[in-house]
Structure formats: structure tokens, C-alpha cells
Amino acid sequence: MPLLTGAEPYRHEAGEAAVLLCHGFTGSPQSLRPWAEHFAEHGLTVSLPLLPGHGTRWEDLRTTGWQDWYAEVDRELRLLRDRCSRVFVAGLSMGGALALRLAARHGDAVSGVMVVNPANRVHGVAAHALPVLRHLVPATKGIASDIAKPSVEELGYDRVPLHAAHSLRTFLRLLDGELPQVTQPLLLLRSPQDHVVPPADSARILGRVSSLDVTEVLLEQSYHVATLDHDAERIFQESTAFIGRLAPGAVKEPGLGKEGTTTGG
């Protein structure tokens, strides 16, 4: 299937410090593209891959699972580590969960973690019925585009395939047990008004990671897809400051770090 316009992966080759960004469940790189471009403008190498089953039609997501999604970002992390001295991981929603697992599994290969409204569990009564329900009902209503800012839309599926939702639930339960292995500096940004992921998820993550350097930022003006919402600029500024503190000299002024090359739609 052809990619939806705007769902293309994005890469930017630049300095020795890199950021790997992971998009959310049923979403696409479009939701993180402005964040990725902000990092690129500040002289950082950037990778924003398209997760398997995403960016085309929801039926394609039915045949993928968490192992496919994680394998994609794991591969990208290894490629970045081959050519960059410092690699930071970031993500939105499920992408935040993927970033946290990268940190848990790769240890010192990850220099820091930045997550926006990270998911920790699949909520609702139906979540417990997913093992059976997924064989009876192919999909339910979508979760994309929870954004407060008028006239802004997230490019995501309007349906959630239940086979994939069941796999996501399995992944989040697995990750929950691995969170104590996360020791890297952590920047967690969350929206108090989030209609997809409740505050309890961020609280659970903060309570289980072993990171000693933890910063929590509230995004008061945004809903779930805060990277496209009113607080997007706050996210960009906080994250570049976070990287600049941990990797002095890595963040450049716009216009001074454009020697790299950019690929993507």
C-alpha cells in the first residue's frame, strides 16, 4: 500500500549527537515531524522512522505486533550508535514506551530519554476482553488527533485494529516490569488534559524507573498529541535544553548546524 501523504519517515545527518524519535500507536511520523525538524535545525542528527503497519491503512496494522514496532526502533538506534557518540531517545504515547524500552535494554548506549504523554497500559473494561474480543471484532473507533489547537489534525488511523491493540497491551505489561532498568536522565512531559492516556500512566512510570535525574513538565494547554498542540514550542525548548545540559556543545544555534543532509517527505 502507498504511504499516506505526510507519513514518510524523516532523517537528518548532522553532528555527533543524535535523537531517535518514536511515534505513537496508529499514528505516523507526521505527529513528531516538527519536533524532529527542530532538533535538525539545532545541529543534531535525527531519525524518525515509520513503524511497521502504520502510515497506510488500518488493516495493515492488524498483521503486525509489538515485536515489529520495537525491532524497527531498535535497528535505528543501532545504526545511530555506529556513527554518533551520543544518542538520545524520544517518543509520544506508545512511542514513549518504545523509547523507555530502548533505554532499559541498551543501558549506556542511550544518553537520555524524552517522552511526551507516555503510555503504560491499555485502559478500559474492554482491555481485559481483548484476548477474546480481537477474534470477534476487527476494529474499534480511532484514538488519533486528540489536540486542543483548532484546525490541527494528526495523521493517524480512524480505526484501531484489536489484534494490534492486544499486542500493545502485551508490550506495555512487559515494559512495566523492565522500567526499573531505566537509569538514564529522563524528561517526561505530560498533559493534564489527555483524553487518550491518563495521568496515572506517567505517575506509574515515574514511580518505577531508577533514573536519578528526572524532570517532569506539565503541558497545561495541550491534549494528548502535544507535539502538534499549543505547548509544542515548550516541548521543543525543554528537550533541546535537556540535551544541551547532558551533552555540552551538541546543540547549535539555528543556521550553524545545517551541514547535514535531510531525507524524507
Side-chain angles (χ1 to χ4, degrees), residues 4 6-7 10 19-42 44 46 48 50-51 54-55 88-100 112-124 141-158 160 168 172 185-207 209 214-245 251 254:
L4 297 171
Y10 173 85
V19 183
L20 168 59
L21 296 107
C22 312
H23 69 76
F25 183 61
T26 76
S28 75
Q30 177 260 357
S31 62
L32 298 184
R33 182 67 177 256
W35 197 10
E37 291 177 342
H38 175 84
F39 285 133
E41 289 168 359
H42 284 78
L44 297 164
V46 182
L48 170 53
L50 173 66
L51 300 180
H54 293 75
F88 295 83
V89 294
L92 167 68
S93 195
M94 179 189 77
L98 291 171
L100 286 163
V113 186
M114 300 165 286
V115 292
V116 177
N117 294 322
N120 178 256
R121 59 177 291 193
V122 175
H123 295 269
K141 66 179 181 179
I143 57 173
S145 229
D146 184 35
I147 301 172
K149 195 172 184 178
S151 304
V152 176
E153 293 187 4
E154 178 189 19
L155 182 62
Y157 295 148
D158 60 0
V160 175
L168 172 60
L172 293 177
L186 172 63
L187 172 64
L188 188 149
L189 307 104
R190 66 176 181 87
S191 306
Q193 298 184 78
D194 186 328
H195 306 99
V196 178
V197 173
D201 283 33
S202 287
R204 173 76 176 179
I205 290 167
L206 290 173
V209 298
V214 177
T215 304
E216 181 181 14
V217 176
L218 296 184
L219 307 171
E220 300 282 1
Q221 306 301 317
S222 301
Y223 294 163
H224 182 63
V225 191
T227 49
L228 297 178
D229 217 329
H230 293 294
D231 292 295
E233 193 61 36
R234 175 92 185 273
I235 294 170
F236 304 163
Q237 292 173 357
E238 293 282 356
S239 56
T240 48
F242 177 77
I243 293 173
R245 175 169 63 83
V251 178

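Residues: numbered from 1 along the sequence shown.
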Does [X] reach the main-chain N or O of [Y] with its side chain, forming a donor-acceptor pair under 3.5 Å?
X: N120; Y: L172; result: no
X: T26; Y: V160; result: no
X: N117; Y: S191; result: yes
X: Q30; Y: E153; result: yes
X: S93; Y: A119; result: no
X: T227; Y: S31; result: yes

Is there side-chain contact between [X] and [Y], with at least one heavy-atom pair below 4.5 Å?
X: V225; Y: V196; answer: no
X: F88; Y: L44; answer: no
X: S222; Y: Q193; answer: no

*Listed by chain and number, what are the side-chain contact (heavy atoms from CB on, under 4.5 Å) partners of A90, not counting sequence neighbours?*
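Residues passing side-chain contact (heavy atoms from CB on, under 4.5 Å) with A90: V19, L21, W35, M114.
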
Could you tell me which residues satisfy side-chain contact (heavy atoms from CB on, under 4.5 Å) with V217, sequence neighbours excluded, listed by chain and number?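 Result, side-chain contact (heavy atoms from CB on, under 4.5 Å) vs V217: L187, L189, T215, L219, R234, E238.
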
Restricting to non-hydrogen atoms, name the atom on [X] and the atom on [Y] that form the minimum distance, rounded to 0.1 Å.
X: F39; Y: V46; answer: CB-CG2, 3.6 Å
X: A148; Y: Q221; answer: CB-O, 3.8 Å
X: A99; Y: C22; answer: N-SG, 4.3 Å
X: A7; Y: P29; answer: O-CD, 3.2 Å
X: E220; Y: P192; answer: OE1-CG, 3.7 Å
X: G6; Y: L155; answer: C-CD2, 3.7 Å

To the nearest 0.5 Å, how far apart are [atom1] in [X] and [atom2] in [Y]?
X: L218; Y: L188; atom1: CG; atom2: CG; answer: 9.5 Å
X: L32; Y: L48; atom1: CG; atom2: CG; answer: 5.5 Å
X: R33; Y: H23; atom1: CZ; atom2: NE2; answer: 13.0 Å
X: I235; Y: F242; atom1: CD1; atom2: CZ; answer: 14.0 Å
X: I205; Y: R190; atom1: CD1; atom2: CZ; answer: 11.0 Å
X: R121; Y: D201; atom1: CZ; atom2: CG; answer: 7.5 Å

(request) May I have the step-by-step check of side chain to side chain contact (heavy atoms under 4.5 Å, CB included) for L51 and M94, ending in yes or no? (result) CA-CA 11 Å; L51 300 180; M94 179 189 77; 3.6 Å; yes

- Applying salt bridge (Lys or Arg N to Asp or Glu O under 4.0 Å), which residue pairs with at least one partner in residues 221-233 are found, sequence neighbours left out?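 Listed by first then second residue: nothing to list.
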
Q. Where do H195 and H224 land on the side chain to side chain contact (heavy atoms under 4.5 Å, CB included) test, with the steps shown first?
A. CA-CA 6 Å; H195 306 99; H224 182 63; over 6 Å; no

